[in-house]
Novice: 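Pasting a structure below so you can have a look.
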Amino acid sequence: MPRPAPPQASPRRPRIGAGRPLLEADLATQVYDSRGQRRNVALSELSFSISGDHPSFTAVVGESGSGKTTMARALLGMQEPTSGEIRFNGKNVYKLKGADQLEFRREVQAIFQDPFEVYNPFYKVDHLLTVPIRKFRLARSRADAGNLIESALRDVGLEPKDTLGRYPHQLSGGQRQRLTVARGLLIRPRLIIADEPVSMVDASLRKTILGTLEQLNDEFGISFVYITHDLATAYQVSENIIVLYKGLVVEAGEVGRVIKQPEHPYTQLLVSSVPEPDPTRPWSGEMPEGNKKVSTAAATGTGCAFADRCPHVMPICVKERPPLYRTHDEQAAACFLYQETPRVVTGDVSQTFQPFQGKEQPSAKEE
Ligand SMILES: Nc1ncnc2c1ncn2[C@@H]1O[C@H](COP(=O)(O)OP(=O)(O)OP(=O)(O)O)[C@@H](O)[C@H]1O
């Protein structure tokens, strides 16, 4: 799904750190310990990077409990991985201080499923927009700030006079979500991590909001990590996709290939559970059960996490955890069915993504 070149890079700031990732996960693992229960590995050795040189749109899909939100929280610096590291411009995000921390807070923004949670009910919605303007010194004067806010609201299809001066409960869910997108537009970060941003809105609004995200990607060069249950919208808006199952990347690559020719048995099950013939219909995330012959390896943490549901399970699948095998230039699957193909070096899933199709963003030196 090649995208046209963005007309220009983020217009306000030069690109820094050209040639190295903006944000990267290096073997990030998150283990939750629940009293009296076994350790829950919510994210296992995730290695993945977002380029600092050009915008990208990456979907992360998987059924409920697969670790999507854990991944989002780790990338946003909201929780420190149990092991491994998340780095922003090469520095561990949990050790950032002063100007580096402010830069991270500005450059990497979040959009969550329920925008209501990010609003303080006692403040008018204007607060959500004026705080970042002050914090990141985005405007030279009050008038400048007002103009910035109005133009960001209009860009997401909100009328300033119908929006400003209201309390959060006086807006609809869809308006609140668009307001969150407007905030993203105002701050103009390099990366937005959007966790189920449209799961609580109706179909027409879903289209509008996703269209706005695509526009932010194309026109302003903002990269997205789009976390969703919905395979159909992942296909519509993304370039690349990561499929998570029980905290593990089971498949990754160019979105068209992965969805049209899934290699991992889990992805095959996932894709086959999308209602036909209308691929634009949202997918509920519910999946049919697979083969339950194997009492599993996943529980012991040794074999393949999908072994107990896999129709192709082999003896090796309950003994060893499959690495990511490169099944194609732009696709990889963590499955022993492909053990004759080379492994993805270092397990970094971004190596399987399609090369950037647009124009390279100018680096700081070139500007
Ligand atoms: N704070 C926590 N403490 C203990 N376990 C947790 C915590 N947060 C998540 N988990 C567990 O970690 C696993 C992954 O959860 P996570 O919320 O990341 O999945 P998800 O794919 O985002 O699910 P959903 O689509 O339902 O939001 C689940 O088994 C969940 O129960």
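This one's a predicted model, so the numbers in the text were calculated from it and none came from an experiment. Just so you know, ligand 1 is whichever comes first in the structure, and atom 1 is the first atom listed for that ligand. Scope of the values below: all heavy atoms of this structure, side chains included, with no hydrogens, waters or symmetry mates.
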Novice: Can you label the angle between the His169 ring and the Tyr167 ring as parallel, tilted or perpendicular, going by 30° and 60°?
Specialist: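 His169 and Tyr167: parallel rings.
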Novice: Show me the pairs that pass ring-ring contact (aromatic ring centres under 6.0 Å, His included) and involve residues 76-100, at least two apart or across chains.
Specialist: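 Only Phe88-Phe104 qualify under ring-ring contact (aromatic ring centres under 6.0 Å, His included).
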Novice: Heavy atoms under 4.0 Å from ligand 1: which residues qualify?
Specialist: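 The answer is Tyr32, Asn40, Ala42, Glu63, Ser64, Gly65, Ser66, Gly67, Lys68, Thr69, Thr70, His229, counting any residue whose heavy atom sits under 4.0 Å from ligand 1.
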Novice: Have a look at Asp100 and tell me which of Lys95, Lys91, Arg105 forms a side chain to side chain donor-acceptor pair (under 3.5 Å) with it.
Specialist: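 When Lys95, Lys91, Arg105 are each tested with Asp100, the side chain to side chain donor-acceptor pair (under 3.5 Å) holds only for Lys91.
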Novice: Answer yes when Lys68 and Asp195 have at least one side-chain N-carboxylate O distance shorter than 4.0 Å, and no when they do not.
Specialist: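 No, this pair does not count.
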Novice: Got a sec, which residues hit ring-ring contact (aromatic ring centres under 6.0 Å, His included) with His127, two or more places apart in sequence or on another chain?
Specialist: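 Testing His127 for ring-ring contact (aromatic ring centres under 6.0 Å, His included), a comparison that skips the adjacent residues, returns Tyr123.
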Novice: Apart from Phe122 itself, which Ile, Leu, Val, Met, Phe, Trp or Tyr residues share its cluster (side-chain heavy atoms under 4.5 Å, direct or through members)?
Specialist: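 Noted: Phe122 shares its cluster with no other residue.
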